[in-house]
Amino acid sequence: MEIITLLKDKVAEVIKELYAAEVNDKMIQFQKTRKEFEGDFTLVVFPFLKIAKKGPEQAAQAIGEELEKNVDEISNFNVVKGFLNLKLTDAYWVDFLNAISKQEKFGIVAPETSGKTIMVEYSSPNTNKPLHLGHIRNNLLGYSVAEILKANGHKVLKVNLVNDRGIHICKSMLAWQKWGSNETPESTGLKGDKLVGNYYVRFDQEYKKEIAALMASGKTEDEAKDQANLIQEAREMLRNWEAGDIEVNELWATMNRWVYKGFDVTYKAMGVDFDKIYYESETYKLGKAIVLDGLEKGILIQKEDGSIWADLTADGLDHKILLRSDGTSVYMTQDIGTAHQRFSEFNLHHHTYVVGNEQNYHFQVLKLVLKKLGHDWSDNINHLSYGMVELPEGKMKSREGTVVDADDLIEEMVLTAKETSLELGKLEDMSDADASNVFNMIGLGALKYFILKVDPKKTMMFNPQESIDFNGNTGPFIQYTHARIKSVLRKAENAGFTVEGDVTNAIMLSKKEQDLTKLIFDFPETIAEAGRNHSPAVVANYIYDLAKEYNQFYHDHSVVKEENADKRAFRIQISKKVADTIKLGAMLLGMEVPERM
RNA sequence: GCCCCCAUAGUUCAAGGGAUAGAACAAUAGUUUCCUAAACUGUAGAUACUGGUUCGAGUCCAGUUGGGGGUACCA
């Protein structure tokens, strides 16, 4: 990064000298030189034209000449239209590689050095059904964003707020009670979350039947939905739960335990974890005091029936209820309470919520209400709003059975990885345990990369057939590149070609060697950008580019077989760094890379 | 109705207001006596429409069309 700062300073000096004018930092725009042109960094000269009172090419030429004279690192320059392309010396790039080769984690900011604490809430499942593809996107994003923020030097707390109470939970409980005949995960051999999910579906089926029957007897749909015995019973169960009824609470605890056991398996398979787990059953009453306080201060309003509201019409939004007329809280109340609790307990600088974009309005309101209540830290709440995952046949709907189950999908990916590997037969001498470890890495790598390479905020398409592809812009492509480099490095070591100390900077680099080095140079900025944008896609696309660039380099350069010892040393060194960088980048995505595949 | 988001090759994705819009898959033509061919190299193919701002627009603004989401004393 230092080179850019240096160049910017020099440009400012040169402009001052040539045109006797001061320029601000914003006017000095450096960008990477596009591949089709000769050069490393490009200065956009359009902003200087008014000062220079010259045409773009003339101005660029003049600035280029001065820079070349004054900066040792610049070997030459060229001008295309208003773009001044600067080429650095090969020696600069070799020295750069030498310098970063001494850093084991080049690009990663040392842990917890930024002085900031950031909380990332993600996953937040309901305990009435198993995790599906939508949850996978949430979990992978949350985990990865947390890792990326860590790599930017922040202290990060990963938290999960489990939705373990409410009418929807009572539905599966009630169905189990009615039709479960004491089934347990043990007795059925089913994962706990799957078992409970089945009863949630069962409730819905029976409920629909009842509605149909009521409508046949002349009720309207709304009346039928409201008056059905099943929903009445579920409501009563929720009241009993809240009243502390022992039997209901025991059933609730038991069924939730089943679900958690099932979730743990899925979380483990996805490779995600949490520093702290919150349960809604313990937090759902939070926020009430804050709302009442807001009412007292005249910030909120109360209607005749006693319900408390925020009037957001002045901000272009609606009225939003914060406490029901019976004094109970809504989701928003809880979020106000938990946010307050977290910011004060952990002294947070920032809090990111990984939640789907259907909640955009909710978070808009949350931030606004907190702000109105006088909590300035509301500005530090960030809703990482991600798009839905769609299937070729349309949206996933749990009740219509068009969901892609998380466990099934992972299993399928790993199985395909295994089949492909066996076909290629490269791992035949590996132990079964090691090989199955590799299959796991590849299957999950394919899935994780597929999901994370897409900009989080965009709706994405998941086509089960295509997504299982392991060629091209995929996780396995990146993993393969890593494995191949590792193989080359093993061969180098066996041949006794270990690189001790610095590579001489007196060598000439080929275009590909320069390009690879420049890509490595971009890694720190990539991590910074991914952090700023909360976007794993930035990292994913970067490691893909890097792997692709390496494969091209590899295709027409010998590494171990290169006879010139200095060139060989450089190539071994750059190969090593590419492997390290791929590995670090993949780690930020929660993706492992194998030594062989 | 009102509010928000999105629209790029046949398909799935890229492109911090900058140069000739990149990849991959699919299609098609090639590359293994040589460090892993899950690789590499060709060919063909795209900014929904109409205006505007700018030296410069896929990117910013307005409108049109098409898609998604939200708008509950649900979570």
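In what follows, every chain begins at residue 1, and chains take the letters A, B, ... in the order their sequences are listed. Computation of the quantities below employed the complete heavy-atom set of this structure, encompassing side-chain atoms and omitting hydrogens, waters and symmetry-equivalent molecules.
The CG atom of A:Leu323 sits 18 Å away from the P atom of B:A72 (whole-angstrom rounding). In this structure, the CZ atom of A:Phe37 is 14 Å from the C1' atom of B:G22, given to the nearest Å. When the C1' atom of B:G56 is taken as reference, atom CE of A:Met27 falls 16 Å away, rounded to whole Å. Rounded to a whole Å, the CD atom of A:Gln479 is 15 Å from the C1' atom of B:U36. Atom pair A:Lys320:NZ and B:G70:P shows a separation of 13 Å (rounding to whole Å applied). The nearest whole Å value for the distance from the CD1 atom in A:Ile478 to the C1' atom in B:A24 is 12 Å. When rounded to the nearest whole Å, the span between CD of A:Gln58 and C1' of B:C55 equals 16 Å. Residue A:Gln364 contributes atom CD, which lies 18 Å from atom P of B:G69 at whole-angstrom precision.
The separation of B:A75 from B:A7, taken at their P atoms, amounts to 33 Å, rounded to a whole angstrom. Distance noted for atom C1' between B:G67 and B:A26: 24 Å (whole Å). Rounded to the nearest Å, the gap between the C1' atom of B:U41 and that of B:C55 is 39 Å. Nucleotides B:U47 and B:A21 have their C1' atoms positioned 8 Å apart, rounded to a whole Å. Spacing between B:A14 and B:A23 at atom C1', rounded to whole Å, works out to 7 Å. Rounded to whole Å, the separation between the P atoms of B:G51 and B:A57 comes to 14 Å. For the C1' atoms, the distance from B:G56 to B:C2 is 37 Å, rounded to whole Å. As rounded to the nearest Å, B:G45 and B:A62 have P atoms that lie 35 Å from one another.
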Listing, residues 322-334 of chain A side-chain donor-acceptor contacts under 3.5 Å, not counting sequence neighbours, or none:
| unit_1 | atom_1 | unit_2 | atom_2 | d |
| --- | --- | --- | --- | --- |
| A:Arg324 | NH1 | A:Thr328 | OG1 | 3.0 |
| A:Arg324 | NH1 | A:Ser329 | O | 3.1 |
| A:Asp326 | OD1 | A:Thr328 | N | 3.0 |
| A:Asp326 | OD1 | A:Thr328 | OG1 | 2.7 |
| A:Ser329 | OG | A:Tyr284 | O | 3.1 |
| A:Thr333 | OG1 | A:Leu322 | O | 2.4 |
| A:Thr333 | OG1 | A:Val330 | N | 3.0 |
| A:Thr333 | OG1 | A:Val330 | O | 3.1 |
| A:Gln334 | OE1 | A:Thr283 | OG1 | 2.8 |

Using atom types as modelled, flag every donor-acceptor pair under 3.5 Å from a side chain in residues 566-574 of chain A to any protein atom, sequence neighbours excluded.
| unit_1 | atom_1 | unit_2 | atom_2 | d |
| --- | --- | --- | --- | --- |
| A:Arg568 | NH1 | A:Glu562 | O | 3.2 |
| A:Arg571 | NE | A:Glu513 | OE2 | 2.7 |
| A:Arg571 | NH1 | A:Ser558 | O | 2.9 |
| A:Arg571 | NH1 | A:Glu562 | OE1 | 3.0 |
| A:Arg571 | NH2 | A:Glu513 | OE2 | 3.4 |

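The aromatic ring centroids of A:Tyr480 and A:Phe477 lie 6.0 Å or more from each other.
In terms of phosphate contacts, A:Lys81 brings no side-chain nitrogen or oxygen within less than 4.0 Å of OP1 or OP2 of B:C55. Put simply, A:Arg165 has no side-chain N or O that comes within less than 4.0 Å of OP1 or OP2 on B:C74.
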Would you give a per-nucleotide map of nucleotides 37-43 of chain B, 5' to 3', where B means the base has a protein non-hydrogen atom under 4.0 Å away, S means only the sugar-phosphate does, and - means neither? SBSSS--

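Proximity of A:Met413 to A:Ile468: side-chain heavy atoms (C-beta onward) are separated by under 4.5 Å at one or more points. With a 4.5 Å cut-off on side-chain heavy atoms, A:Arg34 and A:Asn85 do not count as touching. Looking at A:Thr42 and A:Leu86, their side chains never come closer than 4.5 Å, going by heavy atoms from C-beta outward.
In terms of position along RNA chain B, the nucleotide closest to A:Arg596 lies nearer the 5' end than the nucleotide closest to the other residue of the pair A:Asn126 and A:Arg596. Taking for each of A:Ile485 and A:Glu280 the nucleotide of RNA chain B with the nearest heavy atom, the 5'-most of the two is the partner of A:Ile485.
Residue A:Asn163 has its side chain nearest to B:A75 when only B:A75, B:C35, B:U20 are considered. Listed nucleotides B:A24, B:C35, B:A19 differ in distance to A:Val80; the shortest reach to its side chain belongs to B:A19.
Residue A:Tyr361 is in sugar-phosphate contact alone, with no base atom involved, counting any heavy-atom pair closer than 4.0 Å across all strands shown. Among the heavy atoms of the strands lying under 4.0 Å from A:Asn85 is at least one base atom, whether or not backbone atoms are also near. Backbone-only engagement by A:Val330 is indicated by non-hydrogen atom pairs under 4.0 Å involving sugar-phosphate atoms exclusively.
Salt bridge annotation for A:Asp193-A:Lys129: absent, with no cationic side-chain nitrogen under 4.0 angstrom from a carboxylate oxygen. Under 4.0 Å is where a charged nitrogen must lie from a carboxylate oxygen, and between A:Glu233 and A:Lys171 no such pair does.
For RNA chain B, the stems formed by at least three consecutive Watson-Crick or G-U pairs, with both atom-pair distances below 3.5 Å, span B:1-7 with B:65-71, B:10-13 with B:22-25, B:27-31 with B:39-43, B:48-52 with B:60-64.
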From CA spacing to verdict: side chain to side chain donor-acceptor pair (under 3.5 Å), A:Asp164, A:Ser281: CA-CA 6 Å; A:Asp164 63 342; A:Ser281 55; 2.6 Å; yes

List the steps, then state whether salt bridge (Lys or Arg N to Asp or Glu O under 4.0 Å) holds for A:Asp335 with A:Lys367. CA-CA 10 Å; A:Asp335 265 1; A:Lys367 291 186 66 163; over 6 Å; no

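Pairing each heavy atom of A:Asp318 with each of A:Tyr361, the nearest pair is N-OH, 3.3 Å.
B:U54 takes the anti form, because its glycosidic angle lies more than 90° either side of 0.
For residues 444-460 of chain A, every residue pair satisfying the side-chain hydrogen bond (donor to acceptor under 3.5 Å, both in side chains) rule, not counting sequence neighbours, is listed here: A:Tyr449-A:Asn473, A:Asp455-A:Lys457.
Cation-pi contact between A:Lys303 and A:Trp309: present, with separation from the ring centre below 6.0 Å and deviation from the ring axis of at most 45°.
Between the side chain of A:Glu358 and the base of B:A75, no donor-acceptor pair of N or O atoms lies under 3.5 Å.
Of the candidates A:Lys511, A:Lys35, A:Lys518, A:Glu549 forms a salt bridge (Lys or Arg N to Asp or Glu O under 4.0 Å) with just one, namely A:Lys35.
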Pairs under 3.5 Å (N/O, protein and nucleotides 9-17 of chain B):
| unit_1 | atom_1 | unit_2 | atom_2 | d |
| --- | --- | --- | --- | --- |
| B:C13 | OP1 | A:Met461 | N | 2.6 |
| B:A14 | OP1 | A:Asp455 | N | 2.5 |
| B:A14 | OP2 | A:Lys458 | NZ | 3.3 |
| B:G16 | O6 | A:Phe30 | O | 3.3 |

